[in-house]
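Just so it is clear, the model here is predicted, and its values are computed rather than measured. Below, chains carry the letters A, B, ... as their sequence lines are ordered, and counting in each starts from 1.
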Amino acid sequence: MYRIEAHGIPYKRLNEMLREAADRGEKEIELVGVNGQRYLGSGIRSRVKITIHGVPGNDLGSFLDGPEITVYADGQDAIGNTMNEGKIVVHGSAGDVIGYGMRGGKIHIRGHVGYRVGIHMKEYRRQVPVVIAGGTAGDFFGEYMAGGVAILLGLDCGPGERLTGDYLGTGMHGGVIYLRGEVDPSYLGQEVAVFDLEPQDEEALDKYLQEYCQDFALDYENVRRARFIKLVPVSSRPYGRLYAY
Amino acid sequence: MIIGNVPAEFIVQVDRERCRRCKRCVLNCSFGALSFADGVVADHRKCVACHRCVAFCPESAITVVANPIAYKENAHWTPEVRGAIWKQATTGGMLLTGMGNDRPYLSYFDHLVLDACQVTNPSIDPLREPMELTTYLGRKPNSLDLSYGMDGEVRLATELAPQVKLETPIIFAPMSYGSISLNAHKALARAAKEAGILMSTGEGGLHKDLYPYSDRIVVQVASGRFGVNQEYLEHSAAIEIKIGQGAKPGIGGHLPGEKVNQEVSETRMIPVGTDALSPAPHHDIYSIEDLSQLIYALKEAIRYTRPVSVKIAAVHNVAAIASGIARAGADMIYIDGFRGGSGATPMIVRNHVGIPIEVAIASVDDRLRQEGIRNSVSLIAAGGMRHSGDVVKAIALGADAVAIGTAALVALGCRVCQKCHTGNCAWGIATQRPELVRRLDPEEGAQNLVNLIRAWSLEIKEVLGSLGVNAIESLRGSRERLRGVGLDERSLRVLGVKPAGA
């Protein structure tokens, strides 16, 4: 385990140190004292494991292409921006725009997430991105989603606390959203509808949630037991009838 | 059918005496306007005046004419306006079109003239004298620090930001694979490499066949993030964040699933047959600070090895926006005027939104100079550059380089019929139909493009010589060498140009 003292080091220098370590073949790198440095893990194409102590800045793992990042604190905005491969695990809550345009890999957030999470996620061949948040989400969850899987668990929700914000799945034209709990139909985007889970959904959820619960030492049975609903687009061509040729 | 048959826009005339019934025209018509039944028969309504049949008739037996049918004359309710209403009344859809704004707005370029040397200041003969067109795109330092070694040698101490070298100040505009064919992309890439300029992927990803040219390719990152991954970013000469497009400022893009075939799917990295929707905004950019965050995210991903450009459409407040972009850390700003082209755009937006590139260049250059940050970005101007005269005037107004899209396609055979959005391009350019794409030979196409760039570069040198300067750099932002003809005082003030005679 290679250890880097990050406190007070500007992000550009810190990322250089991180990439130098990854380039010379370190398999596990630990960053301690991280205090808001952006873009950590970006520009590395190996499967290096990066452990972060302290709160990383915005765009953690942007364009991520292989590394596995674990954060033992909260995360900020734009985690896994346009991520292609790898995994990001955040033991606290995270901010807005998580997994924007993501095409592959996994993002596991233990706590709540902010606005615009999972926007324009897409999938391609074997690459099916997965975002799971343990708490609640703000508005525009899964907006414009074109592929992939977004799961919201609503664990530790207080009574009367809303699982999602408004405009849920607006413009969605691919992929699937699983919610552990109910959703107020007035929050749904026009392009999605609520369905019950099919056997293959149950199977997929088992797999995703086992891994998630393992990451955070959660009681899987307890998480899985509750009722889940599925949101999928009602049309793969929501904007097919707009034009006169 | 209360509207009945709408008159055809064009009439195809086949000279029956000359026609040898070879059917070449029928095979060439990709819009289904020609068929053969004891002679060539034309369905005039389907003709788009793409001239494919005209160009390939061995007997020159075909003519396409505008339908002379009379409409009751009305300067306000033109036949075009009436036709649009009929179409919308029967379909309920937005009118879609291709290419740039075709409305007769005032062209500032056509009201600007260049200076020349006479008697008191000698002109330069570009045939004998070296004439420098080399242009470097990228952030330039505020000052240069030199260090003096013990050996008396002088070295540059300033660390320079990454630059892209152009042999001439012209690049190819971004046009995605999907909106245009792979053969068109290959022609552009080969020509860019040979001419020492740049081509750009547009927002549809980079096909692997283009990897050998990647040091001459700008890769775009747009709101849909199609085809964007680490490998893509690394196969580039520069990276461009696409915010807007001159033909459709402020709106997103939409590649219909029909055009997403196997190859397009692989390049965009989305399943075959799915719609590729580019949202209007980047959902991670709602401010200059957010833009800055993405600029540096990209710089980090490629370890600060290439310049990052931001492409915007020219809109009313373009000067302030450009200033923000420069301060956000961009190395280049690409400004697309309202005549900029498009593979598919709602006509209402194309024809009515945005401002001319000429005034945008002038106001952005002014603002960046006033703020003392002009050196921090290279300005690329685009949007309807038709010839080297437009290029020279754009540079004199303040651009570092210009980008050409439509002009490049015309060099590949495009007749500007504005049917790109149908995917039926008879010239193999704006289509994914394999039998049509095959019509465009990438090698011959590349040669045409190289010829065009060479010809314009020669003309630019000729004009520079007449202006008495020996480097394109000496003309950049030199508006004293321009004069306005027939422009009102306020327009002249915005352009920073004196009226002719003054």
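Between His283(B) and Tyr144(A), the ring planes are tilted. Angles from 30° to 60° get that label.
The stretch residues 113-123 of chain A places Arg116(A), Ile119(A), His120(A), Lys122(A), Glu123(A) near chain B, each with some heavy atom under 4.5 Å from a heavy atom of that chain. Among residues 301-311 of chain B, the residues having any heavy atom closer than 4.5 Å to a heavy atom of chain A are, in sequence order, Ala301(B), Arg303(B), Tyr304(B).
Only the side chain of Leu233(B) comes within contact range of chain A, with at least one heavy atom under 4.5 Å from a heavy atom of that chain. With a 4.5 Å cut-off on non-hydrogen atoms, Tyr286(B) touches chain A through its side chain but not through its backbone. Proximity to chain B (any heavy atom under 4.5 Å) is shown, for Glu16(A), by neither the backbone nor the side chain. For Ser223(B), the parts lying under 4.5 angstrom from a heavy atom of chain A are both the backbone and the side chain. Contact of Tyr39(A) with chain B is made through the side chain alone, with heavy-atom distances under 4.5 Å.
Counting heavy atoms of neighbouring residues, nucleotides and ligands inside a 6.0 Å radius, atom CD of Glu159(B) does not exceed 12 of them. Crowding of Lys230(A) atom NZ: a count of heavy atoms from other residues, nucleotides or ligands under 6.0 Å exceeding 12. Atom CD of Glu9(B) has 12 or fewer neighbouring heavy atoms from other residues, nucleotides or ligands inside a 6.0 Å radius. Sparse packing is recorded around OH of Tyr167(A), with 12 or fewer heavy atoms of other residues, nucleotides or ligands lying under 6.0 Å away. The number of heavy-atom neighbours closer than 6.0 Å to CD of Gln190(A), taken from other residues, nucleotides and ligands shown, is 12 or below. Heavy-atom neighbours of His352(B) NE2 from other residues, nucleotides or ligands within 6.0 Å: above the threshold of 12.
Contact of the Asn229(B) side chain with the Arg103(A) side chain is registered, since non-hydrogen atoms from C-beta on lie closer than 4.5 Å. A heavy-atom distance below 4.5 Å is found between the side chains of Tyr100(A) and Arg225(B). Side-chain contact between Tyr243(A) and His421(B) is absent, with no heavy-atom pair separated by less than 4.5 Å. Looking at heavy atoms from C-beta onward, Tyr296(B) lies out of side-chain contact with Asp59(A) at the 4.5 angstrom threshold. A heavy-atom distance below 4.5 Å is found between the side chains of Glu231(B) and Arg45(A). Side-chain contact between Glu300(B) and Lys12(A): present, with at least one pair of heavy atoms (C-beta onward) separated by less than 4.5 Å. Using a 4.5 Å heavy-atom threshold, the side chains of Asn81(A) and Leu294(B) count as touching.
The residue among Thr422(B), Thr91(B), Ile270(B), Leu95(B) with the most heavy atom pairs within less than 4.5 Å of chain A is Ile270(B). Of all the listed residues (Asp77(A), Asp65(A), Asp96(A)), the one sharing the greatest number of non-hydrogen pairs under 4.5 Å with chain B is Asp65(A). Annotation: maximal heavy-atom pairing with chain A below 4.5 Å, among Ala344(B), Gly224(B), Ala276(B), occurs at Gly224(B). Chosen from Gly174(A), Ala146(A), Ala244(A), the residue pairing most often with chain B at heavy-atom distances under 4.5 Å is Ala244(A).
Here the OG-CD distance, from Ser42(A) to Gln230(B), works out to 6.0 Å after rounding to the nearest 0.5 Å. Note that CG of Leu277(B) and NE2 of His173(A) are 4.0 Å apart. Values are rounded to the nearest 0.5 Å. One finds the OG1 atom of Thr82(A) at 9.5 Å from the NE2 atom of His282(B) (value rounded to the nearest 0.5 Å).
A pairwise comparison of heavy atoms in Ser265(B) and Tyr124(A) identifies O-CE1, 3.6 Å as the closest pair.
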